[in-house]
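On a predicted model such as this, the values are computed, not experimentally measured, just so you know.
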Amino acid sequence: MRDPDEIYTLTADAAGVPEGLHLVAGLTGFADAGGAVSQFTEYLLATLEHEVIAEFDADLLLDYRARRPIIYFDQDHLTDYQPPRLRLYLARDEIGQPFLLLAGFEPDFRWEQFTAAVLELVGRFTVSSTTWVHAIPMPVPHTRPIGVTVSGNRTDLIESMSVWRPHTQVAANALHLVEFRLQEIGAWTIGYVLLIPHYLADTEYPSAALSALESTSASTGLIFPTDRLREKNREFIGRIDEQVGENPELAKLVGTLEERYDAYMEGNTLRSPLTDEDGELPSADEIAAELEKFLATRRGRDDGQQP
């Protein structure tokens, strides 16, 4: 395997990183339901003190044609180019506790080399634990707390937090491989899969970011400012509840999800909160189509058109 050092560069600030910090990670590019990971990492970088301690080489890791970067065009000339970033930061939580944050794009190439580089950094800084988050769409209602599936080797967190423990094959995230390799060497690692209402999967759902923050706090003891995000979430939920309340079909679909969720959480013999005894389930397309139809009707009314 190629040398892990060739895909990242340490900055001068790396020399001042204390040993034994928690590593928190979230990479964007795959299955980011509700914008959970992008909101989570952007919120941390926007609200916490931080400095870059390592930068990965996008030219080696990223397929630019699959995820094209943004360039700005101003009338007749180009004004700015925003290259994709994958960086390791030293950050400090709300009360000044330092931790490491790996954030940016998920690599398209060289997963084994990338994983070896992360493990090298874990060893270099004597990382105490690695926590990472991602999110998938599930047929669960927005009126109930976001559930999580927990993986890794922290059995205390798995027992206390993991609401769904399937036996299944899944399309991997690069951080799945990192978690797998960390487990192989006996390092502490925790993965959180946030279970996001599938009809909100294509939105920026603030509750998803809150769940990522709260889950990360549970495994690291870090404390994050959440007031601004909670206010944003109250406004978002208010708009969704208004739309559901004014659309009987959508309200019926959400009510069905609530019944199944509650039955599962009460210890019902259903194998998961996703289906009833007959295996019937409102599909993501059904709920999304109903919501889209309702929003189109609302837009027509706002524009003075007849529905």
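- Taken to the nearest 0.5 Å, the CG atom of L157 stands 6.0 Å off from the CD1 atom of I190.
- Between the side chain of T11 and the main chain of V52, a donor-acceptor pair closer than 3.5 Å is present.
- Put simply, the side chain of N153 gets close to the backbone of T189: a donor and an acceptor are under 3.5 Å apart.
- A donor-acceptor pair shorter than 3.5 Å cannot be found between the side chains of T130 and E179.
- Note on L45 and L100: separate hydrophobic clusters, where clusters join Ile, Leu, Val, Met, Phe, Trp and Tyr whose side-chain heavy atoms are under 4.5 Å apart, directly or indirectly.
- Atom CH2 in W132 sits 12.0 Å away from atom OG1 in T216 (nearest 0.5 Å).
- Under the 4.5 Å side-chain heavy-atom criterion for grouping Ile, Leu, Val, Met, Phe, Trp and Tyr, L102 is not connected to V37 through any hydrophobic cluster.
- Closest approach of H22 to S129, counting heavy atoms only: ND1-OG, 2.6 Å.
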Item to complete: Begin from the C-alpha positions of L10 and I53 and carry the test side-chain contact (heavy atoms from CB on, under 4.5 Å) through to its verdict.
Response: CA-CA 6 Å; L10 293 173; I53 61 170; 5.7 Å; no
Practice prompt. Under the side-chain contact (heavy atoms from CB on, under 4.5 Å) rule, what do V148 and V163 come out as? Steps first, then yes or no, please.
Written response: CA-CA 6 Å; V148 296; V163 301; 5.7 Å; no
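- Side chain of Y264 to main chain of E259: no donor-acceptor pair is present (N/O by atom type, distance under 3.5 Å, no hydrogens or angles).
- Within the 4.5 Å cutoff, side-chain heavy atoms of H77 are placed close to those of T79.
- A pairwise comparison of heavy atoms in L121 and V127 identifies O-CG2, 4.4 Å as the closest pair.
- Between H50 and Y89, the ring-plane angle classifies as perpendicular under the 30° and 60° cut-offs.
- With hydrogens and angles disregarded, no donor-acceptor distance shorter than 3.5 Å links the side chain of S211 to the backbone of S207.
- Inter-residue side-chain proximity for V133 and V24 is flagged as unmet; no heavy-atom pair is nearer than 4.5 Å.
- Of the charged side-chain nitrogens involved, none lies within less than 4.0 Å of a carboxylate oxygen, so that E51 and R87 do not count as a salt-bridged pair.
- A chain of hydrophobic side-chain contacts below 4.5 Å, direct or via other Ile, Leu, Val, Met, Phe, Trp or Tyr residues, connects V178 to L62.
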Discussion item. Would R234 and E231 count as a salt bridge (Lys or Arg N to Asp or Glu O under 4.0 Å) here? Give the steps.
Written reply: CA-CA 5 Å; R234 281 190 288 270; E231 179 59 31; 2.8 Å; yes
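- Side-chain contact check for E94 versus F224: every heavy-atom pair is 4.5 Å or farther apart.
- Salt bridge E112/R2: absent, no basic N to carboxylate O contact under 4.0 Å.
- For the pair A54 and Y8, the tightest heavy-atom approach, listed with the atom from each and the gap, is CB-CD1, 4.3 Å.
- P69 is not listed as a side-chain neighbour of P83, based on a closest heavy-atom distance of 4.5 Å or more.
- Under a hydrophobic clustering in which Ile, Leu, Val, Met, Phe, Trp and Tyr are joined whenever their side-chain heavy atoms come within less than 4.5 Å, directly or via other members, Y261 and V193 fall into the same cluster.
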Discussion item. As a quick check of understanding, evaluate salt bridge (Lys or Arg N to Asp or Glu O under 4.0 Å) for R110 and E6, giving each step before the final call.
Written reply: CA-CA 11 Å; R110 303 195 185 192; E6 77 177 34; 2.7 Å; yes
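- For the pair D63/F105, no side-chain contact is recorded, criterion being any heavy-atom separation below 4.5 Å from C-beta on.
- Note on E249 versus K252: no salt bridge recorded, every NZ/NE/NH1/NH2 to OD/OE distance being 4.0 Å or above.
- The side-chain heavy atoms of D5 and E120, taken from C-beta on, include a pair separated by under 4.5 Å.
- Judged purely by distance below 3.5 Å, without hydrogens or angles, the side chains of D32 and S38 pair a donor atom with an acceptor atom.
- The side-chain hydrogen bond (donor to acceptor under 3.5 Å, both in side chains) test applied to R230 returns E214, T226, not counting sequence neighbours.
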Fill in: Criterion salt bridge (Lys or Arg N to Asp or Glu O under 4.0 Å) on E159 and R165, from CA distance to verdict
CA-CA 10 Å; E159 291 301 320; R165 306 178 195 181; 3.5 Å; yes
Item to complete: Could you go through the side-chain contact (heavy atoms from CB on, under 4.5 Å) check for D13 and L90 one step at a time?
Response: CA-CA 9 Å; D13 289 327; L90 174 62; over 6 Å; no
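- With hydrogens and angles disregarded, a donor-acceptor distance shorter than 3.5 Å links the side chain of T203 to the backbone of L200.
- The two residues P4 and A116 make their nearest non-hydrogen contact at CG-CB, 3.6 Å.
- Residues Y64 and P84 are in side-chain contact: their nearest non-hydrogen atoms beyond the backbone lie under 4.5 Å apart.
- Distance check, rounded to the nearest 0.5 Å: CD of Q39 to CG of L210 gives 8.5 Å.
- A salt bridge is defined here as a Lys NZ or Arg NE, NH1 or NH2 lying under 4.0 Å from an Asp or Glu carboxylate O, and R67 with E106 fails to meet this definition.
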Worksheet item: Which is it for T220 and T131 under the side-chain hydrogen bond (donor to acceptor under 3.5 Å, both in side chains) test, yes or no, and what are the steps along the way?
Response: CA-CA 8 Å; T220 63; T131 295; 5.8 Å; no
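- The pair E184-R181 counts as a salt bridge, with a side-chain nitrogen and a carboxylate oxygen less than 4.0 angstrom apart.
- Rounding to the nearest 0.5 Å gives a distance of 10.5 Å between OG of S151 and CG of L175.
- Hydrophobic side-chain contacts under 4.5 Å tie F180 to no other Ile, Leu, Val, Met, Phe, Trp or Tyr residue.
- With hydrogens and angles ignored, the 3.5 Å screen pairs a side-chain donor or acceptor of N247 with a backbone N or O of L250.
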Item to complete: Please lay out, stage by stage, how L23 and F99 fare under the test side-chain contact (heavy atoms from CB on, under 4.5 Å).
Response: CA-CA 6 Å; L23 170 61; F99 68 99; over 6 Å; no
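- Formation of a donor-acceptor pair under 3.5 Å by the Y199 side chain with backbone atoms of P141 is not found in this model.
- Residues E55 and T9 bring no donor and acceptor atom of their side chains to less than 3.5 Å of each other.
- Here OG1 of T28 is found 8.0 Å from CD of E42. Values are rounded to the nearest 0.5 Å.
- Listed here is the closest heavy atom pair of L195 and V140: O-CG2, 3.8 Å.
- For the 3.5 Å distance criterion, the side chains of N233 and Y205 fail to qualify, holding no donor opposite an acceptor.
- Side-chain polar atoms of H134 and Y192 form no donor-acceptor pair below 3.5 angstrom.
- Nearest approach of L222 to D93, heavy atoms of both residues: CA-OD2, 3.5 Å.
- Here the straight-line distance linking atom CD1 of I146 with atom CG of L194 works out to 6.5 Å at 0.5 Å rounding.
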Worksheet item: Under the side-chain hydrogen bond (donor to acceptor under 3.5 Å, both in side chains) criterion, do Q82 and D80 qualify, and how do the steps go?
Response: CA-CA 7 Å; Q82 297 293 332; D80 191 24; 2.5 Å; yes
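- Under the side-chain hydrogen bond (donor to acceptor under 3.5 Å, both in side chains) criterion, S217 pairs with no residue, sequence neighbours left out.
- In this structure, F30 is not a member of the same hydrophobic cluster as L27, with clusters built from ILVMFWY side-chain heavy atoms closer than 4.5 Å.
- Side-chain contact between I136 and I196 is absent, with no heavy-atom pair separated by less than 4.5 Å.
- Between the side chain of S162 and the main chain of T149, no donor-acceptor pair closer than 3.5 Å is present.
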